[in-house]
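Below: one structure, written as structure tokens.
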Amino acid sequence: MSPAVDLPCDGDGVCMACKNKPSELETMTCRTCATPWHVECLSRPPETLALAADWQCPDCCLPAEGALSDIAASGAGSGGALEDLIASIRAIEADESLTEQEKARRRQELMSRGAGKEKGQEEEEEDREKQNGDGANDVLGLLDEKFNCSFCMQLPERPVTTPCGHNFCLKCFQKWLGQGKHTCAKCRAPIPPKMVSQPRINSALVVAIRMAKTVKPVPGNKTTVYHYICNENRPEKAFTTERAKKSGKANACSGQIFVTVPPDHFGPILAEHDPKRNKGVLVGESWEDRMECRQWGAHLPHVAGIAGQSGYGAQSVALSGGYEDDEDHGEWFLYTGSGGRDLSGNKRTNKDQSFDQKFDKMNEALRVSCRKGYPVRVVRSHKEKRSAYAPETGVRYDGIYRIEKCWRKVGIQGFKVCRYLFVRCDNEPAPWTSDENGDRPRPLPEIKELKRATDTTERKERPAWDYNEKDGWVWTKPPPHSRKILASGDVEENKSGRKRRLKSTNVRERLLKEFKCEICGKVMTFPLTTPCAHNFCKKCLLDSYDDQSFIRERTSGGRTLRAQKIVKKCPSCTTDISDFLQNPQVNRELMDLIESLQQKIREENLDADEEASDERENNDEKVDTKEKNDGAGEEDSDGIDAEDGDGVGEKCHTVGRKEEANCFSSESGQNLQKAQKRLMGVSSAE
DNA sequence: GAAGGAGATATT
DNA sequence: AATATCTCCTTC
């Protein structure tokens with residue numbers, strides 16, 4: 001429609017004009033908007049090398065139609081505005097502390113700010129940004145940057161969707177149109193005249209974005225995916241921060257956590273938790289040091305020997321020779337609790353005990369694992385020099401143990417220490433044995449020191465991790481539900497967490513409802529947004545026109561008349577969308593969002609199913625929990641959480657205990673199927 | 001060359 | 001604040 005419009009390169013570096021991918025030498029980058037352009041396809045390439053170095057693209061430079069001048073004209077209006085703006089942009093460019101991405105963001109911000117903004121609007125903008133930051137982005141983690149308006153880099157306030165399926169703020173869009181641009185700023189597809197003169201707000205998006213912005217950050221769920229994503233931006237190896245480098249000191253930063261288990265995951269780390277290798281953490285696997293061991297989730301704390309939470313349980317321990325009372329017999333060992341040492345000041349290596357250990361903190365966590373019969377992962381470090389079972393180098397995963405008993409005794413140094421009897425109970429043989437089978441239940445060793453023991457605790461209930469002839473060592477009840485709802489750094493892990501979570505579930509489901517096709521009423525598949533801002537499944541919309549042709553041939557008395565365009569009204573209004581229907585483009589951003597939402601909901605349903613099982617377990621235990629009040633203050637009852645399952649768990653209540661114990665692992669598979677079916681019910685539009 | 005001081009780091 | 005570490009650096 002327009003003569004020789006200059007086109008830049010797209011995100012993949014392909015020139016939108018000639019469709020070739022020019023080499024770096026053949027492209028020029030605009031100094032203002034940092035967009036690459038194919039030099040050969042420019043209608044007016046720079047004449048000299050000097051000009052090329054300081055080149056501005058056609059979108060940014062031409063005084064008559066350039067964005068900058070328009071902004072200057074429509075903005076402050078004063079003569080110096082343009083110069084000011086350019087000076088500001090140069091300043092951003094020159095700022096070496098900014099990343100390229102940050103520079104681009106600031107440039108965009110400046111451009112949109114320059115365009116005649118009233119006072120107070122900036123503040124509003126900041127608020128909005130804030131909300132984007134800890135609201136939408138964190139809440140759902142779904143309305144991420146790819147959904148932002150490409151002009152202002154924010155979630156669209158009044159979103160409009162082009163027929164080519166791209167979303168922008170109305171204001172930004174209109175500003176763009178005001179510059180005489182009648183093509184999509186993202187893909188350069190032409191924008192129909194009707195939309196130019198009267199852009200429509202996509203109200204489905206409005207509601208969705210508003211909802212996302214108004215909810216507070218929610219703890220995600222404990223799904224593996226979540227924990228994985230949290231670590232994506234870390235390097236693969238442990239690293240040294242700039243700060244540490246400066247002082248020439250330690251390399252104590254952990255690299256990525258590769259496994260997708262929550263930090264308080266009990267038991268083996270299975271293949272399903274290991275997206276990287278898909279094999280899980282195997283017995284005998286070893287790592288260079290505690291940092292690397294941490295990355296594979298076998299034992300997370302990089303200093304402490306016990307991983308656990310008082311009142312909840314301990315997930316893993318490390319044997320590294322820190323306590324001289326330890327006694328290692330391979331298949332069983334006596335472990336000493338932590339504490340009792342004065343490490344104040346800089347006495348990090350102080351091995352001298354100066355006070356009694358108590359069953360608190362980590363020691364209490366171990367005691368909980370003892371009472372419940374939880375599986376505890378054990379790693380041995382080369383630093384354990386007195387044990388024949390310790391590895392020569394590095395840190396090795398030796399499998400699952402159970403704590404059969406714990407007590408206190410007076411240790412070698414004369415102060416009381418907490419003691420734990422660990423007995424191996426893994427389906428895989430230990431790294432030091434030539435036996436090809438895993439452990440079988442074995443009689444407890446005779447412990448001489450038990451005679452002088454105090455505060456002895458033995459397990460009274462059925463262990464959560466136990467042996468049966470058919471399956472070996474398995475969970476006899478659902479593993480404790482992860483309390484690590486948020487990623488590291490979370491401090492708000494309490495009862496209110498559950499409320500917010502409940503809300504978030506609803507929000508996600510409501511969000512999905514917002515994305516209903518206006519024809520089939522189900523969540524859209526391949527969503528189309530018409531220029532009149534109505535949303536449909538691609539299939540629904542295309543199917544609703546019997547006559548697939550766009551032009552009607554007319555004849556009159558043997559004479560061919562001018563062909564007549566067939567009017568195709570939008571199913572939701574009277575607008576003729578026949579032009580749009582010729583080449584309807586799926587709103588990919590919207591589709592991605594919908595898919596993410598569905599994925600989240602599916603995971604949450606799975607989660608809810610598990611929680612329902614948790615509750616059932618709790619009910620069973622209610623009788624004997626009375627005597628235990630340990631950690632009551634900080635432990636929020638799992639039973640409350642279970643209500644999240646919106647009735648999903650109901651059915652499970654009819655399942656007998658015995659069956660449930662045996663088929664626990666297959667149960668989750670069934671849940672997956674159930675969840676998938678539910679989801680299909682919502683989303684299948686075909 | 002070994003031992004230990006000191007600073008960094010992550011989790012409770 | 002504590003912790004069953006890691007590293008670089010200094011001291012013996």
Side-chain angles (χ1 to χ4, degrees), chain A residues 227 230-231 234-235 237-257 262-265 287-295 297-328 333-355 357-358 360-366 368 378-387 390-391 393-396 411 413 417-418 420 422 483-484 486-491 493-494 631 633-635:
Chain A
H227 288 284
C230 269
N231 282 288
R234 282 191 172 250
K237 280 210 148 208
F239 61 99
T240 311
T241 56
E242 287 306 315
R243 188 171 162 209
K245 266 185 206 157
K246 233 176 220 167
S247 52
K249 287 289 167 7
N251 166 21
C253 276
S254 163
Q256 226 178 86
I257 308 292
D264 55 359
H265 167 83
W287 307 279
E288 207 173 300
D289 51 30
R290 285 282 293 270
M291 280 302 183
E292 207 189 343
C293 169
R294 166 187 163 77
Q295 291 185 271
H299 184 70
L300 279 159
H302 74 139
V303 174
I306 304 166
Q309 304 77 30
S310 64
Y312 181 68
Q315 293 83 24
S316 57
V317 296
L319 285 110
S320 42
Y323 285 84
E324 50 188 321
D325 287 291
D326 285 3
E327 215 180 280
D328 194 356
F333 60 87
L334 293 175
Y335 195 72
T336 310
S338 61
R341 290 167 175 176
D342 179 17
L343 297 171
S344 58
N346 196 23
K347 301 181 208 150
R348 291 172 194 79
T349 48
N350 188 1
K351 298 253 188 271
D352 296 334
Q353 258 194 275
S354 51
F355 52 95
Q357 289 184 357
K358 285 189 295 190
D360 62 358
K361 298 177 182 171
M362 293 305 146
N363 297 345
E364 175 56 15
L366 282 174
V368 172
V378 170
V379 298
R380 281 183 174 84
S381 157
H382 67 101
K383 292 195 172 174
E384 168 59 271
K385 298 294 182 202
R386 293 163 307 137
S387 163
T393 54
V395 183
R396 184 187 64 208
Q413 297 194 14
V417 289
C418 298
Y420 304 86
F422 278 71
R483 304 201 303 184
K484 291 301 160 100
L486 282 181
S488 60
D490 169 37
V491 277
E493 186 188 304
N494 49 25
E634 51 189 302
E635 189 174 21

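Only heavy atoms go into these numbers, but all of them, side chains included; no hydrogens, no water, no symmetry mates. Here is the naming used below: chain letters follow the sequence lines, and residue numbers restart at 1 for every chain.
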Query raised in the report: Nearest nucleotide by nearest heavy atom, which residue falls closer to the 5' end of DNA chain C, Gly339(A) or Lys383(A)?
Result: Gly339(A)

Query raised in the report: Which residues satisfy the ring-ring contact (aromatic ring centres under 6.0 Å, His included) test with His302(A), sequence neighbours excluded?
Result: none

**Report entry** For Asp328(A), side-chain hydrogen bond (donor to acceptor under 3.5 Å, both in side chains) partners two or more places apart
**Finding:** Arg380(A), Ser387(A)

**Report entry** Whole angstrom value for the distance that separates C1' of dA4(C) from CD of Gln413(A)
**Finding:** 13 Å

Query raised in the report: Judged by atom type as modelled, is there a donor-acceptor pair below 3.5 Å linking the side chain of Arg483(A) to the main-chain atoms of Asp264(A)?
Result: no

Query raised in the report: Picking from dT11(B), dA8(B), dT5(C), which would you name as closest to the side chain of Val303(A)?
Result: dT5(C)

**Report entry** Length of the line joining Asp360(A):CG and dT12(B):P, which is rounded to integer Å
**Finding:** 16 Å

Requested in this report: Send over the distance from Asp325(A) CG to dA4(C) C1', rounded to a whole Å.
Outcome: 13 Å

Requested in this report: Rounded to the nearest angstrom, tell me the gap between atom OH in Tyr335(A) and atom P in dT3(C).
Outcome: 13 Å

**Report entry** Side chain of Ser338(A) (C-beta onward), nearest among dA10(B), dC6(C), dA4(C)
**Finding:** dA4(C)

Report summary line: Quick note, His302(A) side chain, CB onward, closest among dA8(B), dA4(C), dA10(B) is dA10(B)

Requested in this report: Would you indicate, yes or no, if dT11(B) has its OP1 or OP2 atom less than 4.0 angstrom from a side-chain nitrogen or oxygen of Arg294(A)?
Outcome: yes

Query raised in the report: Nearest-Å distance, CG (Asp352(A)) to C1' (dA4(C))?
Result: 15 Å

Query raised in the report: Using a cut-off of 4.0 Å on non-hydrogen atoms, how would the nucleic acid contact of Ile306(A) be classed: base, sugar-phosphate, or nothing?
Result: nothing

Requested in this report: Ignoring backbone atoms, test whether Arg234(A) places a side-chain nitrogen or oxygen under 4.0 Å from the OP1 or OP2 oxygen of dA10(B).
Outcome: yes

Query - d(CZ, Phe422(A); P, dA4(C)) in whole Å - result: 14 Å

Report task. Using side-chain hydrogen bond (donor to acceptor under 3.5 Å, both in side chains) as the criterion, list what pairs up with Gln315(A), not counting sequence neighbours. Result -> Gln309(A)

Report task. Quick one: label Thr241(A) by what it contacts on the DNA or RNA (base, sugar-phosphate, nothing), any heavy atom closer than 4.0 Å. Result -> sugar-phosphate

Report task. Could you state the atom-to-atom distance from CZ of Arg290(A) to C1' of dA8(B) in whole Å? Result -> 16 Å

Requested in this report: Under the side-chain hydrogen bond (donor to acceptor under 3.5 Å, both in side chains) rule, collect the residues that match up with Glu288(A), sequence neighbours excluded.
Outcome: none

Query raised in the report: Quick one: Gln357(A) CD to dA2(C) C1', roughly how many Å, whole number?
Result: 13 Å

Requested in this report: Output yes when Glu384(A) and Arg386(A) qualify as a salt bridge under the 4.0 Å nitrogen-oxygen rule, no when they do not.
Outcome: yes

Query - Pairing residues for Asn251(A) by the side chain to side chain contact (heavy atoms under 4.5 Å, CB included) criterion, not counting sequence neighbours - result: Ala238(A), Thr240(A)

Report task. Tell me the stems DNA chain C sits in, counting at least three consecutive Watson-Crick or G-U wobble pairs, each under 3.5 Å on both distances. Result -> B:1-8 with C:5-12, B:10-12 with C:1-3

Query raised in the report: Is any side-chain N or O of Asp326(A) under 3.5 Å from a base N or O of dA4(C), one able to act as donor and the other as acceptor?
Result: yes

